[in-house]
S.K.: 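One structure coming up, written as structure tokens, with questions to follow.
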Protein chains: 2
Amino acid sequence: MTTRGARPAGRGVRGDLFDPYCPTRQLLDRIGTKWTSMAVKTLADAAPDEVRFAELRRRMPGVSQKMLSVTLRSLTRDGLVSRRVEPTVPPRVFYRLTALGLSLEVALAGLRTWAEEHMAEIDRANEVADQEIGEG
Amino acid sequence: MTTRGARPAGRGVRGDLFDPYCPTRQLLDRIGTKWTSMAVKTLADAAPDEVRFAELRRRMPGVSQKMLSVTLRSLTRDGLVSRRVEPTVPPRVFYRLTALGLSLEVALAGLRTWAEEHMAEIDRANEVADQEIGEG
DNA sequence: CGGTATCCGGCGAGATACTG
DNA sequence: CAGTATCTCGCCGGATACCG
């Protein structure tokens, strides 16, 4: 994945595809990280309700506490997720998709549909390629 | 990005989102790599024409010979791109999106549209977050 | 021309331990 | 409960050099 550094001011703000800072590249750098799309989907399924950190973790099997924290911090920073802390002891923290996050989920749903319909074809193509190696 | 190893037989073939081998995760592991989406877009813009390796490289500023080769091999293996060699000296190699690849481009176009419309909002959200750090 | 082989740095991400 | 800090490993991707 493309390194996600700060952008030099005044360059590549618009959408020519071949700029490393093109919006599509930046978006893929975000949703391409391991747990991001799963977190967005899980929060979208719960919307408009909020979800607590521990509950979110329970709904995302395999995610570690650290990676969920990192993922949510990144999403919050991007304005895709809102974060609310109840200052009790111990604290309770709630997450929810913002309007922007919900609109991203719609776009992601398209990818998901394509994946569910076509990934099997990709798997078959790979098996065919493996066969051809075996045959020399 | 998720490690892309071989899949253990008989597990997670279908689309429950939380399987590490879920189709969406697998798709993102592919289009998330640095040059893949750019290659698909470039080939889609040329379709239905074929594009030679050198010409493709010229249309993808910044890509190295190695990474273009690796990207195209992966896409070919996945059945998204077809590869045709003219056995001349020196050889000429042509690439073109398959029907499967074209259908993926349609799904990717949705992401691109979202990115062009909304990445600026994400950038602003990040600037706001940076401000708040400065303010303590 | 269109690759492949090799070396290497940097980041993503897991495991583990500690804190308010 | 909900994090953060530290260490570690593995893979992506760039640079360079060589091959049919």
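The chains referred to below are lettered A, B, ... by the order of the sequence lines, with proteins before strands, and numbering in each begins at 1.
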S.K.: Reckon Arg73(B) has a side-chain N or O less than 4.0 Å from the OP1 or OP2 of dT4(C)?
M.R.: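 Yes, Arg73(B) has a side-chain N/O under 4.0 Å of OP1/OP2 on dT4(C).
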S.K.: Looking across every strand, which nucleic acid part, if any, lies under 4.0 Å from Arg83(A) by heavy atom: base, sugar-phosphate, or nothing?
M.R.: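 Touches sugar-phosphate only.
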S.K.: Whole angstroms only, please: what is the CG-C1' distance between Asp29(B) and dG12(C)?
M.R.: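 Whole-Å distance recorded here is 12 Å.
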S.K.: Side-chain N or O of Arg92(B) versus OP1/OP2 of dG3(C): is the shortest distance under 4.0 Å?
M.R.: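 No, outside the criterion.
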S.K.: Could you tell me how far apart Glu86(A) (CD) and dG20(C) (C1') are, to the nearest whole angstrom?
M.R.: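 So the CD-C1' distance, Glu86(A) to dG20(C), works out to 17 Å.
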S.K.: Glu55(A) or Gly62(B): which one's nearest nucleotide on DNA chain D is closer to the 5' end?
M.R.: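 Here Glu55(A) is the residue nearer the 5' end.
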S.K.: Out of dA2(D), dG2(C), dT4(D), which has the shortest distance to the side chain of Val93(A)?
M.R.: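 Of the options given, the side chain of Val93(A) lies nearest dA2(D).
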S.K.: Test salt bridge (Lys or Arg N to Asp or Glu O under 4.0 Å) on Glu127(B) and Arg124(B); report intermediate values, then the result.
M.R.: CA-CA 5 Å; Glu127(B) 284 165 19; Arg124(B) 275 199 299 279; over 6 Å; no
S.K.: Using whole Å, report how far CZ of Phe53(A) lies from P of dG20(C).
M.R.: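 Nearest whole value for this atom pair: 18 Å.
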S.K.: Please determine if a side-chain N or O atom of Arg52(A) lies less than 4.0 Å away from the OP1 or OP2 oxygen of dG3(D).
M.R.: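 So the side chain of Arg52(A) is outside the cut-off, no N or O lying under 4.0 Å from OP1 or OP2 of dG3(D).
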S.K.: Where is the tightest heavy-atom contact between Leu111(B) and Leu27(A), given as atom of each residue plus distance?
M.R.: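 Closest pair (atom of Leu111(B), atom of Leu27(A), distance): O-CD2, 3.7 Å.
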S.K.: Between Arg84(B) and Glu86(B), is there a salt bridge with N-O shorter than 4.0 Å?
M.R.: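 Yes, Glu86(B) and Arg84(B) are salt-bridged.
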S.K.: Considering only heavy atoms and no angle criterion, is a donor-acceptor pair shorter than 3.5 Å present between the side chain of Lys66(B) and the base of dG14(D)?
M.R.: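 Under the 3.5 Å cut-off, the side chain and the base do form a donor-acceptor pair.
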S.K.: Looking at Ser64(A), I'd like to know whether one of its side-chain N or O atoms comes within less than 4.0 Å of OP1 or OP2 on dA15(C).
M.R.: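 For dA15(C), OP1/OP2 do not have a side-chain N/O of Ser64(A) under 4.0 Å.
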S.K.: If you check every side-chain atom of Thr33(A), which of dG14(D), dA13(C), dT4(C) has the closest atom?
M.R.: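 It is dA13(C).
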S.K.: Let me spell it out: for each of Trp35(A) and Pro91(A), pick the nucleotide of DNA chain C with the closest heavy atom. Which residue's pick is nearer the 5' end?
M.R.: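 It is Trp35(A), whose closest nucleotide lies nearer the 5' terminus.
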S.K.: Nearest whole Å is fine: how far is dG3(C) C1' from Leu75(B) CG?
M.R.: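 The answer, rounded to whole Å, is 16 Å.
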S.K.: Which listed nucleotide (dG3(D), dG2(C), dG20(C)) is nearest to the side chain of Tyr95(A)?
M.R.: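 Nearest listed nucleotide: dG3(D).
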S.K.: What is the distance, rounded to the nearest whole Å, between atom CG of Leu56(B) and atom P of dG3(C)?
M.R.: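 Distance check: Leu56(B) CG to dG3(C) P gives 10 Å.
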S.K.: Would you compute the distance between atom CG of Leu100(A) and atom CG of Leu80(A) and round it to the nearest 0.5 angstrom?
M.R.: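 Between atom CG of Leu100(A) and atom CG of Leu80(A) there are 5.0 Å.
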S.K.: What is the distance from CD of Gln65(A) to P of dA5(D), rounded to the nearest Å?
M.R.: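 Going from CD in Gln65(A) over to P in dA5(D) covers 14 Å.
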S.K.: Using whole Å, what does the distance between atom P of nucleotide dG2(C) and atom CZ of Arg58(B) come to?
M.R.: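 Rounded to whole Å, this separation is 13 Å.
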S.K.: For dG14(C) and Lys34(A) - does any side-chain N or O of the residue sit under 4.0 Å from the phosphate oxygens OP1/OP2?
M.R.: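 For Lys34(A), the contact criterion (side-chain N or O under 4.0 Å from OP1 or OP2 of dG14(C)) is met.
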S.K.: Check step by step if salt bridge (Lys or Arg N to Asp or Glu O under 4.0 Å) holds for Arg77(A) and Asp130(B).
M.R.: CA-CA 9 Å; Arg77(A) 207 186 134 79; Asp130(B) 289 341; 2.9 Å; yes
S.K.: In whole angstroms, how far is the C1' atom of dG3(D) from the CZ atom of Arg57(A)?
M.R.: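 Taking CZ of Arg57(A) and C1' of dG3(D), I get 11 Å after rounding.
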